[in-house]
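Naming convention: chains lettered A, B, ... in sequence-line order (proteins, then strands); numbering from 1 in each chain.
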Amino acid sequence: MARANDEVEALLQEYADLIAITGGDAFKARAYEKAARAIGGHPADVSKLDEDGLREIPNVGRSIAAKVAEYLRTGKMAAVEEQRAEIPAGVRELITIPTLGPKKALRLHEALHISSVNELAAAIEADALADLKGFGEKTQDNIRHGIELLRQSGGRVPLALALDTAEEIVAELSAVTGCRRCAYAGSLRRMRETVGDVDVLVAAAKSEPFMAALCGLPGTAEVIARGTKKTSVRTGKGLQVDLRVLPPASWGAGLQYFTGAKAHNIRTRTIAVHRGLKLSEYGLFETESGKSVASRTEEEVYARLGLPWIPPTLREDRGEIEAALRGALPDVVTERDIRGDLHTHTDLTDGLASLEVMVEAAAERGYAYYAVTDHAPDMPMQRMTDEKILAQRERLRELDGTRRRMRLLHGTELNIGPDGEVDWPDAFLAGFDLCVASLHSHFDLGRGPMTRRLVRACENPYVHVLGHPTTRLIGRRPGVDADWDEVFAACARTGTALEVNAQPDRLDLCDEDILRARAHGVRFAVNTDAHSVPQLAQLRYGIGTAQRGWLTPDEVINTWPLTRLRRFLRKGRR
DNA sequence: GCCGTTTTCGGCCCGACTGTTTTCAGTCG
């Protein structure tokens, strides 16, 4: 279910954007942003809090608490409604374009009445920005490129948003009388990083109540098509949802049919044909007699095709059929295999929760170990000092083993400088149990220098994990350019793990890079990079991505027992 | 708008990069 916290966060962030766009007080906009983030990252459900409770959340004061309470009570926030009436939604959409912020968006709106990304693209095409102050040739190039990046996601929505929507709908439909089974399928079940539309399946004798329920959901903005077998709607957030209702006996066949990528399904149907069978969403049938031979479960369907059950995340026709036929499918890593998170933050830097709160939440998840890796000093805005990180270490040692016997590792997230150097000298780095090293600046060095930079970071004996290696942001920024095969080889040679960062806008490495890297014999770490308690649960997106990269537990260092992990962290040192 | 071991005013994470308005505004992490 989408948490009320997430809804409030989105609304307050929207208000902050609108203040910035209308040229309001920048500090006021910042205040709303901070409150939005604090509420999104707050462990307790805000819909259960009254105004006093809300005010106990850091950065939420009298005014914001009142607005949140108003929203929770009425479903509306008057202040936001008023701003919306002033500024078309498309103007806010403009600031999602990289390099285009609130100031430029407002100028475009005021001078040229541009109020959508499409209008802006057309204006640039028509050279209508030529006389506009502050929009020189380079700026226009950057905007054009930014729009291109946005469009590459092709109207697809981030996995996390689609998953929230799908889980909500599945919960609603499961409660309808007559529901035998209900689940989401499609690219969402395959955990693709972006999702075009959400496919929901129901097994039931009668379809009508489910079609009615879907059309009547509060999140449903528009009914695109409504029939007895299939209904399509669009949600308020612009996401298309397709519902199929199947006879209960067809459940497995339906799930198989609507989950696999097109190429995977063509392969399975071809195998069926060669066996004198026909595969559809209703079942697997003998071609001659039309007699059903399998349909109730996916396992049955695959088995009758001579295949083991294939995990949904592998159903892309990237070799899984051949592997299945050989009996060589990977035993992919699952959330249950993860024994600890190796990249997390606290409020010592840009995290929201204290060390104690993060440790408690990690212990609740049943981890055997947990690493705290706050930012190192070369990221100036975090104001890290030797004293602060050493004081944190002291406190962490006190907490070590006290929460469900969970062991704590003291780490840091280093910044990889332009030449591959990191924040602290070796003697100081030696005091950490674990160091993640990441790129946070100088993204445009060019392939040669970037490759040397990353390789040099791997060669540092104190760097254990390369954090979000390509530093891409899905739909907003491509990954840095480097000779990745050379970097992956360096990781394998030096015993440096590559991170699979689970933040839903990163998923970095991505599935294809993982497949390429694992061919070099690299180890991986699936980490959340959590900046708050709720973000610890984002592990699932990292696991989905790891599975899509065919990773097995043995390749993922944070599935290992602590003694084996510690051996890896020695990295050839004694 | 929030916050307070500078507590009811006056600050607010700091620095780098980019393009262009050539002395700095806008954007980003």
Side-chain angles (χ1 to χ4, degrees), chain A residues 8 11-39 51 54-70 77 79-80 83 94-108 111 129-146 149 345-352 374-385 388 413-418 423 438-445 467-468 470-473 476-478 480 501 503 505-506 508 529 531:
Chain A
V8 172
L11 204 57
L12 293 176
Q13 180 61 52
E14 180 183 349
Y15 193 52
D17 289 344
L18 294 172
I19 291 169
I21 290 170
T22 52
D25 179 8
F27 289 114
K28 185 170 157 184
R30 283 284 286 149
Y32 276 97
E33 272 181 22
K34 284 198 285 187
R37 211 167 94 84
I39 288 174
E51 266 186 65
L54 289 166
R55 288 194 62 177
E56 283 175 24
I57 301 172
N59 298 310
V60 176
R62 196 162 53 86
S63 172
I64 292 180
K67 289 188 175 74
V68 174
E70 175 202 353
M77 212 179 272
V80 179
Q83 289 277 15
L94 295 180
I95 69 172
T96 62
I97 300 169
T99 73
L100 207 165
K103 297 288 187 290
K104 289 198 179 105
L106 181 61
R107 208 172 302 153
L108 288 166
L129 272 57
D131 297 332
L132 198 56
K133 226 172 96 180
F135 288 83
E137 204 173 316
K138 280 289 179 68
T139 300
Q140 291 195 42
D141 280 351
N142 285 339
I143 292 174
R144 202 178 296 122
H145 183 237
L149 274 176
H345 296 271
T346 75
D347 61 3
L348 187 62
T349 55
D350 56 352
L352 290 171
D374 273 314
H375 287 287
D378 288 353
M379 189 180 256
M381 68 181 183
Q382 304 300 348
R383 300 177 147 196
M384 179 55 83
T385 61
K388 280 161 81 174
E413 182 179 12
L414 299 166
N415 303 286
I416 304 174
D423 309 59
S438 314
L439 302 178
H440 292 115
S441 64
H442 302 91
F443 300 139
D444 295 317
L445 291 184
H468 47 72
T470 77
T471 313
R472 70 153 178 180
L473 291 173
R476 282 191 292 151
R477 186 174 72 203
V480 297
N501 187 297
Q503 296 264 327
D505 60 344
R506 290 194 187 273
D508 182 14
D529 193 1
H531 285 67

Notebook entry, point to check: Which of these nucleotides, B/dC3, B/dG26, B/dT21, is closest to any side-chain atom of A/Arg107?
Noted result: B/dG26
Checklist line | Nucleotide nearest A/His442 (side chain, heavy atoms from C-beta), chosen from B/dT27, B/dC17, B/dG1 | finding: B/dC17
Item checked: Closest nucleotide among B/dT20, B/dT27, B/dC13 to the A/Lys138 side chain -> B/dT20
Item checked: Nearest atoms (heavy-atom pairs only) where A/Gln140 meets A/Phe135 -> NE2-O, 3.3 Å
Checklist line | Residue A/Lys67, side-chain heavy atoms: nucleotide from B/dG1, B/dG26, B/dT20 that is nearest | finding: B/dG1
Note to self: When you compare the side chain of A/Leu100 with that of A/Leu108, does any pair of heavy atoms fall below 4.5 Å?
What the structure shows: yes
Next item on the list: Using a 4.0 Å heavy-atom cut-off across all strands, classify A/Arg477 as base, sugar-phosphate, or nothing.
Entry: sugar-phosphate
Notebook entry, point to check: In the strands shown, is B/dC9 matched to any nucleotide by a Watson-Crick or G-U wobble pair with both distances under 3.5 Å, and which?
Noted result: B/dG4
Note to self: If you only use heavy atoms from C-beta on, which nucleotide in B/dG1, B/dG29, B/dC3 is closest to the side chain of A/Asn59?
What the structure shows: B/dC3
Margin query: Does any part of the side chain of A/Leu12, heavy atoms only, come nearer than 4.5 Å to the side chain of A/Val68, both counted from C-beta?
Written below: yes
Check: Do A/Asp423 and A/Asn415 meet the criterion of a side-chain donor-acceptor pair at a distance under 3.5 Å?
Finding: yes
Note to self: Of the options B/dC2, B/dG19, B/dG29, whose atoms approach the side-chain atoms of A/Thr139 most closely?
What the structure shows: B/dG19
Next item on the list: Using the P atom on both, measure B/dC28 against B/dG10 and round to a whole Å.
Entry: 33 Å
Check: Out of B/dG29, B/dG26, B/dC2, which nucleotide sits closest to the side chain of A/Ala31?
Finding: B/dC2
Next item on the list: Using heavy atoms to find the nearest nucleotide of DNA chain B for A/Gly136 and A/Arg62 separately, return the residue whose nucleotide is more 5′.
Entry: A/Arg62
Check: Can you check whether A/Thr349 reaches A/Glu413 side chain to side chain, under 4.5 Å on heavy atoms?
Finding: no
Note to self: Measure NZ/A/Lys103 against C1'/B/dG19 and give the value in whole Å, please.
What the structure shows: 17 Å
Notebook entry, point to check: Out of B/dT27, B/dG1, B/dT20, which nucleotide sits closest to the side chain of A/Pro102?
Noted result: B/dT27
Checklist line | Whichever of A/Ala105 and A/Leu132 has its nearest DNA chain B nucleotide further upstream toward 5' | finding: A/Leu132
